[in-house]
Amino acid sequence: MKTDATPEDVRRVAQEVEAAGLRAVVIRGDYQTVIGPVGDERRLDFDRLAALPGVKEAARVEAPYKLISREYARFFGEPGAHKTVAIRDVHIGNGEPVIIAGPCAVESRQQIMRMAEAVKHAGAHVLRGGVFKPRSSVHSFQGIGAAGIHDAEEALGWLKEAGDAFDLPVVTEVRGESMVELVGKHVDLMHIGARNMYDQDLLVQVAQQGKPVLLKRHFGASIEELLSFSEYIAAEGNKDIILCERGIVPVGKGKSYTRYTLDLAAIPVIHQETYLPVIVDPSHGTGRRDLIFDMSCAAISAGADGLMIESHYNPAEALVDGAQMVTPDELKDIIEACRTLYRARKGLRRNAGT
Ligand code: PEP
Ligand code: MN
């Protein structure tokens, strides 16, 4: 209320709130009175309240996401703790870290077959490989699937074949609405890339495929936006959502030492806000092969439920993102270190909450 609001103004607002079926809690300060409606805020017309005499401001205080919120979990039949999402028989959330690994892009049948064997041997659980690549330049390689439907089906088939051969569920990015069904037919986990995090129509369509969804944080998005947009998927009745921190735009002028700035504090924050699993992509997050080991360890130490790491048997000859891809041997060391750190953290945090 405004500082000069009269007791009659306060009464009037409280009456309006109660008429809508909510309780009006009136808090009187030295200078100002605040009226807090308790109940289903959707029943209130905030514009109407704002126009009443003596009102300074009328605003919703509820979070823009509820379905995926830890706080509201019990109202929607979700466990209050951590949700486990199944990618076929790989379970992520509240357990050993799940490693998604593979090349940035599927380049050939031979390449993805060889990488499937390599990442399996290194200890990874899910095979990645982009069939459609989001690129800043139209003149660069757009992914093998971008050339046409025939190539897309063929490349998705190779990915699936490679996954099946080494008992690895597979994930690839859905770059646009026209590809949703096709990708949905071939993969076990549907990946929405950072650039598409804000595309609510794509989110809704992907959610409707009934497969788990990997949603990456846009490099300019706040954590609240990432959670709000994941709510679009949950609102379709699909709560098998894995969130991914992959770095935000670095500050400062000139050449940055890393491709993005990996926001590791996002992990515990997201865990506090939602029961959904959260993973980290140190590959796009740094853009540098020499930083992947350390940032993977840091992510697991901060409580990440898994990692998405780009790997190639010969990064120098990769068509995309060679500078950030680790070799399968490096991947194996990273996975072993992360297992050790996960167990150490679990032991150390026994008395310190989540
Ligand atoms: C990717 O994982 O292949 C990718 C392009 O990542 P991002 O959307 O985070 O840039
Ligand atoms: Mn990449």
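Order of listing sets the numbers, starting from 1, for every ligand and every atom in it.
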Would you mind checking if E16 and R48 are paired as a salt bridge, meaning a charged N to carboxylate O distance below 4.0 Å? yes

Strictly below 4.0 Å, N to O, side chains only: are E154 and R109 in salt-bridge contact?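 Salt bridge between E154 and R109, a charged N being under 4.0 Å from a carboxylate O: no.
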
Modelled atom types, side-chain donor and acceptor of E317 and H312, under 3.5 Å: no

Please determine, by modelled atom types, if D305 and H271 share a side-chain donor-acceptor pair under 3.5 angstrom.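 Yes, a side-chain donor-acceptor pair sits under 3.5 Å.
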
Look at the rings of F219 and Y260 and say which category their plane angle falls in: under 30° parallel, 30 to 60° tilted, over 60° perpendicular.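 Rings of F219 and Y260: parallel, under 30°.
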
Side chains of T261 and V251: closer than 4.5 Å at any heavy-atom pair? no

A side-chain contact here means heavy atoms from C-beta on lying under 4.5 Å apart; do E330 and I292 qualify? no

For ligand 1, find each of its N or O atoms that sits under 3.5 Å from a protein N or O atom, and tabulate the pairs with distances to one decimal place.
| unit_1 | atom_1 | unit_2 | atom_2 | d |
| --- | --- | --- | --- | --- |
| ligand 1 | 2 (O) | R128 | NH1 | 2.8 |
| ligand 1 | 2 (O) | K216 | NZ | 2.8 |
| ligand 1 | 3 (O) | R128 | NH1 | 3.4 |
| ligand 1 | 3 (O) | R128 | NH2 | 2.8 |
| ligand 1 | 3 (O) | K133 | NZ | 2.8 |
| ligand 1 | 6 (O) | K216 | NZ | 2.9 |
| ligand 1 | 8 (O) | A194 | N | 2.8 |
| ligand 1 | 9 (O) | K216 | NZ | 2.9 |
| ligand 1 | 9 (O) | R246 | NE | 2.6 |
| ligand 1 | 9 (O) | R246 | NH2 | 3.4 |
| ligand 1 | 10 (O) | R195 | NH1 | 3.0 |
| ligand 1 | 10 (O) | R246 | NH2 | 2.8 |

Tell me, which protein N/O/S atoms are under 2.8 Å away from the Mn ion (ligand 2)?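 C104 SG, H284 NE2, E310 OE2, D321 OD2, with waters left out.
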
Y257: which other cluster members, linking ILVMFWY side chains closer than 4.5 Å, directly or transitively?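 Other cluster members: none.
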
Apart from V171 itself, which Ile, Leu, Val, Met, Phe, Trp or Tyr residues share its cluster (side-chain heavy atoms under 4.5 Å, direct or through members)? V85, I87, V90, I92, V98, I100, V126, L189, L214, I242, I279, M308

